[in-house]
Amino acid sequence: MKLFAEPDDKMRLDVYLSDETEYTRSYIKQLIDGGRVLLNGEKPKAGAIVKTGDEIDIDPPEPFVAARPAPEIPVDMIYEDGDIAVINKPQGLTVHPAPGNYDNTLVNALLAHLDSLSAINGALRPGIVHRLDKNTSGVMVVAKNDKAHLSLSRQIADRTVTKKYVAIVDGHLPSEEGRIDAPIGRNPRDRKLMAVVTGGRRAVTDYKLIERLKGHDYAEFRILTGRTHQIRVHAKYIGHPVTGDEQYGRGSFLGTKGQLLHARSLTFVHPTTGEEMTFTAPLPETFEKVLRALRDKDGN
C-alpha cells in the first residue's frame, strides 16, 4: 500500500498511519518494527515525523487468500482506457476484500471484468486508489497500471482532485451554503467509527442547498480534505445526519438500506494525456424514490 502524506501538522508516523488506515496504532508499530513500512524509501522509527509529500509504503503480510474474480457481480462502467477505468459503484457493495468478506466486493468484480489492475496496493486491493463506503454509491476511478496509480494517488494527496457528492439530510441546513471546518479522528468509544474530536486531523466540507423538502434537505457536498466518513461525520456534527445512515444517523428511512449519499462527480487529470476529465454518475433508483416521496409530501 502506497500513501503520499498530507498531515496538517507534524505527526508521528504511527499516529498518522493509524488515522489513515484501518489498522490500530499497535499493529502499525509492529509493521514498522518489522521493517514493513518505508518512509521515503528508508526504514523509519514509529516516532518519525511525517511531513506533507512524504512517500510511505506499507507492506502488511497478506492473508493466505487473495481476491478472486467474481464475474457474476456486474460493473457499471462509465469510461475505460488503457490506464484507468471509471465506474459507478452501487450502494451496498464493499470496495475491497477484508476478513469476513473475500469474494463479494468491487475488487472481485473488477478482476473479472478488466484486463489489468495496478499492483501497488497488493493482492487484496488491486487498482484501488480511493474508496467509497459500502453504502455510498457513485463515481470511482480505478488504476489499471502502476503509473496511473501513482499519478492519481499524488493528485489526491495534493488535493487537486475534485469530489462532489449529493445527499439527503435530516432536518434543514442552517444556511443555503456553508463550510464545516471541524477536526476528525477515531471515535474514542468505537475505533470503527469516526467523530469530530479535539486533536483530530483538520477536515473541511463545503455544502450547498439544492432543494428544501419536507423535514429534509437535498444538498451538494464538496470535500476539501479526504478523511474517513467525512461527510457523514460532519453532517452529524452540525445536527443534520445523512438520511438513512445506520452508523451516524437514525437508520433506515422509507425502506432504505444505508445512507442516502452519492458521489455524483469526480474531476482529475488523466495520468497519461494530462487532460482534465470530469465524470458523473446518475442517482440510483433508491435515492430517486426517496426524493419523489419527499416531494410528494411537500405537495410538489
Side-chain angles (χ1 to χ4, degrees), residues 1-6 17 20-23 27-28 31 34-38 41 55-158 161 163 226 228-229 263 266 268-273 277 279 281:
M1 180 187 302
K2 184 179 289 290
L3 298 173
F4 292 101
E6 48 165 335
L17 291 180
E20 287 296 306
T21 70
E22 66 267 35
Y23 304 133
Y27 183 65
I28 287 291
L31 294 178
R36 289 186 169 273
V37 176
L38 297 180
E55 186 173 319
I56 306 170
D57 291 280
I58 311 171
D59 182 30
E62 293 283 5
F64 292 111
V65 296
R68 295 178 285 265
E72 70 278 6
I73 302 175
V75 175
D76 184 357
M77 193 73 65
I78 298 172
Y79 173 85
E80 182 185 4
D81 61 25
D83 294 301
I84 61 173
V86 181
I87 58 97
N88 181 14
K89 186 190 87 68
Q91 186 184 57
L93 184 65
T94 301
V95 169
H96 60 73
N101 181 15
Y102 284 108
D103 299 305
N104 188 33
T105 75
L106 176 63
V107 161
N108 300 108
L110 294 174
L111 286 170
H113 293 279
L114 297 180
D115 55 6
S116 64
L117 287 168
S118 67
I120 286 176
N121 277 347
L124 288 181
R125 299 176 180 85
I128 300 303
V129 180
H130 67 115
R131 296 181 295 176
L132 292 177
D133 297 337
K134 175 182 177 180
N135 285 323
T136 298
S137 57
V139 63
M140 280 184 62
V141 60
V142 299
K144 296 183 66 178
N145 55 59
D146 290 355
K147 175 188 172 185
H149 194 125
L150 290 172
S151 172
L152 293 167
S153 294
R154 174 63 71 183
Q155 291 179 56
I156 291 171
D158 290 343
V161 174
K163 303 176 182 178
T228 301
H229 301 171
L266 185 66
F268 57 88
V269 172
H270 190 281
T272 298
T273 68
M277 309 180 81
F279 297 96

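What you see is a predicted model, and the numbers here were worked out from it, not measured in a lab.
- At distances below 3.5 Å, not a single donor-acceptor pair connects side-chain atoms of His96 with backbone N or O atoms of Tyr102.
- Each of Val86, Ile128, Ile156, Ile87 was evaluated against Val141; a single residue qualifies, Val86, per the side-chain contact (heavy atoms from CB on, under 4.5 Å) test.
- Remark: side-chain polar atoms of Asn88 are not paired, donor with acceptor, to backbone N or O of Met77 under 3.5 angstrom.
- Atom CG of Asn104 is separated from atom CG of Leu93 by 6.5 Å, given to the nearest 0.5 angstrom.
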Intermediate values then yes/no, side-chain contact (heavy atoms from CB on, under 4.5 Å), Val161 and Leu266: CA-CA 7 Å; Val161 174; Leu266 185 66; 3.6 Å; yes

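- The shortest heavy-atom contact between His130 and Val139 is CE1-O, 4.2 Å.
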Donor-acceptor list for residues 147-154 side chains, cut-off 3.5 Å, not counting sequence neighbours:
unit_1, atom_1, unit_2, atom_2, d
His149, ND1, Ser118, OG, 2.7
Ser151, OG, Gln155, NE2, 3.2
Ser153, OG, His149, O, 2.9

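- Judged by distance alone, the side chain of Asn108 and the main-chain N or O of Ala70 form no donor-acceptor pair under 3.5 Å.
- The two atoms that bring Ala281 and Ile78 nearest to each other are CB-CD1, 4.2 Å, heavy atoms only.
- Looking at heavy atoms from C-beta onward, Pro126 lies out of side-chain contact with Asn121 at the 4.5 angstrom threshold.
- In this structure, the side chain of Lys144 does not engage the main chain of Leu114 through any donor-acceptor pair within 3.5 Å.
- Note that the CZ atom of Arg125 and the CG atom of Leu117 stand 14.5 Å from one another [nearest 0.5 Å].
- Contact between Pro90 and Ser137 at its shortest, heavy atoms only, is C-CB, 4.2 Å.
- Summarising the geometry, atom OG1 belonging to Thr94 is positioned 10.0 Å from atom CG belonging to Asp133; distances are rounded to the nearest 0.5 Å.
- Taking NZ of Lys89 as the reference point, atom CG of Leu110 lies at 11.5 Å (rounded to 0.5 Å).
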I'd like to know whether Leu38 forms a side-chain contact (heavy atoms from CB on, under 4.5 Å) with Ile56, so could you lay out the CA-CA distance, the side-chain angles of the two residues, the decisive distance to 0.1 Å, and finally the verdict. CA-CA 6 Å; Leu38 297 180; Ile56 306 170; over 6 Å; no

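- Contact of the Leu106 side chain with the Met140 side chain is registered, since non-hydrogen atoms from C-beta on lie closer than 4.5 Å.
- Nearest heavy-atom pair across Ala143 and Val129 is CB-CG2, 3.8 Å.
- Remark: side-chain polar atoms of Lys134 are not paired, donor with acceptor, to backbone N or O of Val95 under 3.5 angstrom.
- Counting only distance, with no hydrogens or angles, the side chain of Glu55 and the backbone of Phe4 share no donor-acceptor pair below 3.5 Å.
- When every heavy atom of Pro69 is checked against every heavy atom of Leu111, the shortest pair comes out as CA-CB, 4.0 Å.
- Asp81 CG to Thr272 OG1: the interatomic distance, rounded to the nearest 0.5 Å, is 7.5 Å.
- Nearest heavy atoms, Ala119 versus Asp146: N-OD1, 2.8 Å.
- Separation of atoms CZ (Arg131) and OG1 (Thr136) is listed at 12.0 Å; rounding is to 0.5 Å.
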